[in-house]
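Scroll down for the structure; my scribbles are underneath it.
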2 protein chains.
Amino acid sequence: MHELMRGTGGRVVETLNEYGLSLTQMKALYLLDEPTEEVSVKVLGTCLAMSLPAASRTADSLLLRGLVTRHEDPEDRRIKRLLITPEGREVLRTLEAVRLDGVERWAQALTTTQRDALHAALLTLHDGDDDHPDNEGPR
Amino acid sequence: MHELMRGTGGRVVETLNEYGLSLTQMKALYLLDEPTEEVSVKVLGTCLAMSLPAASRTADSLLLRGLVTRHEDPEDRRIKRLLITPEGREVLRTLEAVRLDGVERWAQALTTTQRDALHAALLTLHDGDDDHPDNEGPR
DNA sequence: TATTGTTATACTCTATAACTATA
DNA sequence: TATAGTTATAGAGTATAACAATA
């Protein structure tokens with residue numbers, strides 16, 4: 001598992017460097033990619049375990065790169081809502097492609113027996129989640 | 001897998017914060033924990049993909065905390081060799097205990113069926129490594 | 001007065017450049 | 001001249017404190 005993470009993570013970090021994005025900026029983009037809600041700066045900070053100023057600066061940097069937009073909440077003008085742009089989503093899709101490519105390369109290096117065993121284990125893990133949908137694991 | 005890493009990683013980061021250690025300092029300690037070689041500052045930097053000054057500063061900080069020692073190589077006085085102290089090893093053993101504890105908590109939350117399938121898959125993966133000892137996976 | 005967000009300032013970690021000591 | 005390491009300086013990212021705007 002450690003090897004898998006190290007191998008695939010390296011490519012992702014490389015890609016982030018090419019875009020000039022930090023890991024925090026990537027996490028923020030992923031949070032904003034959720035289509036359910038329009039995230040405030042405060043929520044961004046809370047979800048990413050960051051101070052409010054850090055969240056504000058992170059939003060600034062993404063704004064500067066055109067990956068998000070920022071606008072006042074009409075119902076509470078203290079709140080600034082952040083919205084990912086099409087360019088932002090495109091960056092995330094690229095990152096996911098890189099990650100998937102890494103996992104596939106790793107899986108290709110396995111024997112058929114190994115792949116089958118891993119596949120069976122992952123299926124079982126996934127089925128268990130369906131049985132207990134509110135169980136997100138320990139801690 | 002993502003959930004496992006996130007759950008166990010959080011505890012490790014917490015412990016590092018308690019010790020006042022950064023992730024880089026932890027990696028450096030782990031490198032020095034290998035009993036095979038006495039690592040130079042340059043090698044430390046290379047292995048951790050850091051600049052030489054950064055490696056030097058990292059060594060400084062570990063020295064200050066008493067987790068490593070630094071001494072000139074008698075055969076080439078330009079080289080400074082770093083050595084982990086018993087205190088340094090103790091920190092690493094604590095970190096490993098925290099990590100293992102996290103994995104065990106995660107495994108405890110699985111059903112017997114899930115644990116068995118995972119166990120079988122990991123065994124198969126491990127056997128494959130023995131068949132191809134020079135295969136460290138793709139990339 | 002409380003909450004949301006920004007700006008001011010300081011600290012950590014890192015890099016490149018300049019420097020010292022040794023080979 | 002080349003190499004190992006340190007020191008100087010600058011930039012990114014973060015935190016706390018002080019501030020502005022809105023509720």
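Chain letters run A, B, ... following the sequence lines, proteins first and then strands; every chain starts at 1.
- For A:Ser56 and C:dT6, the shortest distance from a side-chain N or O to OP1 or OP2 is below 4.0 Å.
- Once you apply a 4.0 Å limit to the heavy atoms of chain B, the touched nucleotides of DNA chain D run 5' to 3' over D:dA2 to D:dT9.
- Proximity of B:Thr24 to the phosphate of C:dT14: a side-chain N or O atom is located under 4.0 Å from OP1 or OP2.
- Closest approach of A:Ser61 to A:Gln25, counting heavy atoms only: OG-NE2, 2.9 Å.
- At whole-Å resolution of the value, CG in B:Leu52 and P in C:dA18 are 16 Å apart.
- One can place CG of A:Asp73 at 13 Å from C1' of C:dG5, the figure rounded to the nearest angstrom.
- Annotation for B:Glu90: atom CD does not count as buried by contact number, only 12 or fewer foreign heavy atoms lying within 6.0 Å.
- Taking a 6.0 Å sphere around NE2 of A:His119, one finds it holds 12 or fewer heavy atoms contributed by other residues, nucleotides or ligands.
- Each of A:Asp76 and B:Lys80 was matched to the nucleotide of DNA chain D holding its nearest heavy atom; the match closer to the 5' end belongs to B:Lys80.
- In this entry the distance linking CG of B:Leu62 with C1' of C:dC13 reads 13 Å, nearest Å.
- The 5' end of DNA chain D is approached more closely, in terms of each residue's nearest nucleotide, by A:Ala55 than by the other of A:Ala55 and A:Pro74.
- Side chain of B:Thr85 to backbone of B:Leu67: a donor-acceptor contact under 3.5 angstrom is found.
- Using a 4.0 Å heavy-atom criterion, one finds that B:Arg81 contacts no nucleic acid atom at all.
- When rounded to the nearest whole Å, the span between CD1 of B:Ile79 and C1' of C:dT20 equals 16 Å.
- Counting to the nearest Å, the P atom of C:dT12 and the CG atom of B:Asp60 are 14 Å from each other.
- The shortest distance between the side-chain N/O atoms of A:Arg57 and the OP1/OP2 oxygens of C:dT9 is not below 4.0 Å.
- Between A:Asp33 and A:Arg93 there is a salt bridge, with a side-chain nitrogen of the basic residue lying less than 4.0 Å from a carboxylate oxygen of the acidic one.
- Side chain of B:Arg115 to main chain of B:Ala107: a donor-acceptor pair is present (N/O by atom type, distance under 3.5 Å, no hydrogens or angles).
- Between the C1' atom of C:dT14 and the CG atom of A:Leu23 lies a distance of 15 Å, rounded to the nearest Å.
- Under 4.0 angstrom from either OP1 or OP2 of C:dT3 there lies no side-chain N or O belonging to A:Arg78.
- Although no hydrogens or angles enter the test, the distance criterion places no donor-acceptor pair under 3.5 Å between the side chain of A:Arg11 and the main chain of A:Gly102.
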